[in-house]
Amino acid sequence: MIRLKYPVIVEGKYDKMKLRGMVEGEIITTEGFRIFRDKDKLTLIRRLAAAGKVVLLTDSDRAGFRIRGYLSGAIPPERIIQVYIPEILGKERRKAAPSAEGTLGVEGMPEEVLRRALEQAGALEDGNAPPVREPITKQDLFALGLSGGPDSSTLRRLVQRELGLPGAISANALCGVLSRVVTREELAQAVARVKQQLEET
């Protein structure tokens with residue numbers, strides 16, 4: 001399976017599911033317009049952008065462009081790769097009726113169209129290229145006491161705060177996010193700092 005070079009931001013869970021069937025990598029949802037009031041999610045997106053670049057992939061309708069415009073104003077433009085899909089008339093299979101504008105969104109877009117759009121934007125890894133950095137795994141989290149122990153969830157939340165990451169990141173998404181923003185050594189240092197702070201209180 002092709003790997004994403006950068007995290008991709010999409011609108012909803014069905015968009016994410018569509019991409020999950022095509023590519024490997026970090027996919028973040030805005031939950032539609034919820035991004036306008038979800039400060040934790042915006043903080044996460046900004047942190048990912050600060051660590052490299054992010055890909056912005058929304059539907060080509062008014063709602064999609066409104067979300068795109070909001071995020072484009074919240075992130076430095078040089079940190080965003082804008083990926084657009086064509087306006088294709090149609091209806092997603094799961095929906096009873098077409099969208100207000102009668103066009104397909106990301107979830108209804110043919111895979112070859114999405115892949116081509118991501119390729120043209122330079123958002124896909126070369127098949128032979130190494131990952132951006134060695135990924136942080138669930139085994140790493142376990143070894144550092146961030147999972148599998150009685151106080152792991154508390155320690156994990158404190159370490160996320162220490163690293164400037166929102167606490168709302170799910171455990172499943174955490175490895176991918178950490179892999180983008182810190183090295184294993186930096187994570188271990190953050191854990192050590194937090195443990196020291198706990199001992200001193």
Side-chain angles (χ1 to χ4, degrees), residues 1-129 131-132 166 168-170 172-173 176-177 180:
M1 192 176 281
I2 303 170
R3 181 160 184 83
L4 293 167
K5 195 172 183 180
Y6 308 104
V8 174
I9 302 163
V10 295
E11 292 179 52
K13 66 177 182 179
Y14 292 103
D15 301 332
K16 182 175 182 176
M17 288 167 58
K18 177 75 174 198
L19 289 182
R20 275 271 175 259
M22 300 169 42
V23 293
E24 292 179 344
E26 294 311 302
I27 304 168
I28 311 293
T29 61
T30 69
E31 307 299 331
F33 291 149
R34 185 176 174 184
I35 190 63
F36 297 157
R37 60 185 185 278
D38 190 338
K39 291 183 176 157
D40 278 351
K41 182 66 68 75
L42 185 59
T43 297
L44 169 60
I45 291 170
R46 282 176 164 156
R47 186 67 192 271
L48 290 170
K53 292 185 178 182
V54 294
V55 175
L56 197 46
L57 175 61
T58 63
D59 295 351
S60 292
D61 58 10
R62 281 188 292 273
F65 275 95
R66 188 173 165 201
I67 292 167
R68 186 186 292 272
Y70 174 75
L71 290 174
S72 296
I75 303 167
E78 67 274 12
R79 295 293 189 174
I80 301 175
I81 298 173
Q82 302 279 3
V83 176
Y84 298 91
I85 57 173
E87 292 183 356
I88 298 176
L89 294 176
K91 176 185 78 68
E92 277 83 11
R93 275 187 229 169
R94 70 179 179 87
K95 295 181 179 175
S99 67
E101 293 170 44
T103 56
L104 294 174
V106 170
E107 70 166 286
M109 200 60 39
E111 285 191 12
E112 60 271 18
V113 174
L114 285 173
R115 189 174 292 110
R116 188 166 59 248
L118 291 166
E119 267 174 9
Q120 290 171 343
L124 300 178
E125 290 275 13
D126 177 338
N128 300 316
V132 175
I169 302 171
S170 71
N172 287 335
V177 171
R180 289 282 176 181

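Along the sequence shown, the residues carry numbers beginning at 1.
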With sequence neighbours excluded, what pairs up with T30 under the side-chain hydrogen bond (donor to acceptor under 3.5 Å, both in side chains) test? none
For K18, is the NZ atom crowded, meaning more than 12 foreign heavy atoms sit under 6.0 Å from it? yes
The side-chain contact (heavy atoms from CB on, under 4.5 Å) partners of A121 (sequence neighbours excluded) come to I81, V83
Just jot down the salt bridge (Lys or Arg N to Asp or Glu O under 4.0 Å) partners of E24, sequence neighbours excluded, or say none. none
Could you tell me which non-hydrogen atom of D59 sits nearest to which non-hydrogen atom of E11, and how far apart they are? N-OE2, 2.7 Å
Ring pair (Phe, Tyr, Trp, His ring centres under 6.0 Å) with Y14: which residues, sequence neighbours excluded? none
Quick one: side-chain hydrogen bond (donor to acceptor under 3.5 Å, both in side chains) partners of R94, sequence neighbours excluded? E107
Between L114 and M22, is a side-chain contact (heavy atoms from CB on, under 4.5 Å) present by the stated rule, with each step listed? CA-CA 9 Å; L114 285 173; M22 300 169 42; 3.8 Å; yes
Mind checking side-chain contact (heavy atoms from CB on, under 4.5 Å) for K16 and listing every partner two or more places apart, or none if nothing turns up? V10, R20, I27, T29
Could I get the full list of side-chain contact (heavy atoms from CB on, under 4.5 Å) partners for F65, not counting sequence neighbours? S60, R68, Y84
Within-4.5 Å side-chain heavy-atom neighbours: L71 and I80: no
Working to the nearest 0.5 angstrom, can you tell me the gap between M17 CE and K13 NZ? 7.5 Å
Minimal non-hydrogen separation, I75 against A49, with atom names: CG2-CB, 3.5 Å
To the nearest 0.5 Å, tell me how far K5 NZ sits from E119 CD. 12.5 Å
Closest heavy-atom pair, L104 versus G90, reported as atoms and distance to 0.1 Å, is CD2-C, 3.5 Å
Return the set of residues passing salt bridge (Lys or Arg N to Asp or Glu O under 4.0 Å) with R115 (not counting sequence neighbours), or none when no residue passes. E111
Does anything in residues 104-125 pair up under ring-ring contact (aromatic ring centres under 6.0 Å, His included), and if so which pairs, sequence neighbours excluded? none
Work out which heavy atom in G105 is nearest to a heavy atom in I85; give both atom names and the distance. C-CD1, 3.7 Å
Any idea which heavy atoms bring I88 and P110 closest together, and the distance? CD1-CD, 4.4 Å
State the CZ-CG distance between F36 and L42, to the nearest 0.5 angstrom. 10.5 Å
ring-ring contact (aromatic ring centres under 6.0 Å, His included): which pairs involve residues 91-114, sequence neighbours left out? none
dist M109:CE -> T103:OG1 (nearest 0.5 Å) comes out at 7.5 Å
Name all pairs fulfilling the salt bridge (charged side-chain N to carboxylate O under 4.0 Å, His left out) condition that reach into residues 77-92, sequence neighbours left out, sorted by first residue then second. E92-K95
Would you name the heavy atoms of S72 and Q82 that are closest together and state the gap between them? OG-NE2, 2.9 Å
Side chain to side chain, L4 and L124, heavy atoms closer than 4.5 Å: yes
Enter the distance from L44:CG to I35:CD1 here, rounded to the nearest 0.5 Å. 8.5 Å
Go through the structure and list residues passing side-chain contact (heavy atoms from CB on, under 4.5 Å) with A63, not counting sequence neighbours. F33, D61
Rounded to the nearest 0.5 Å, what separates atom CD1 in I45 from atom CD1 in I9? 4.0 Å
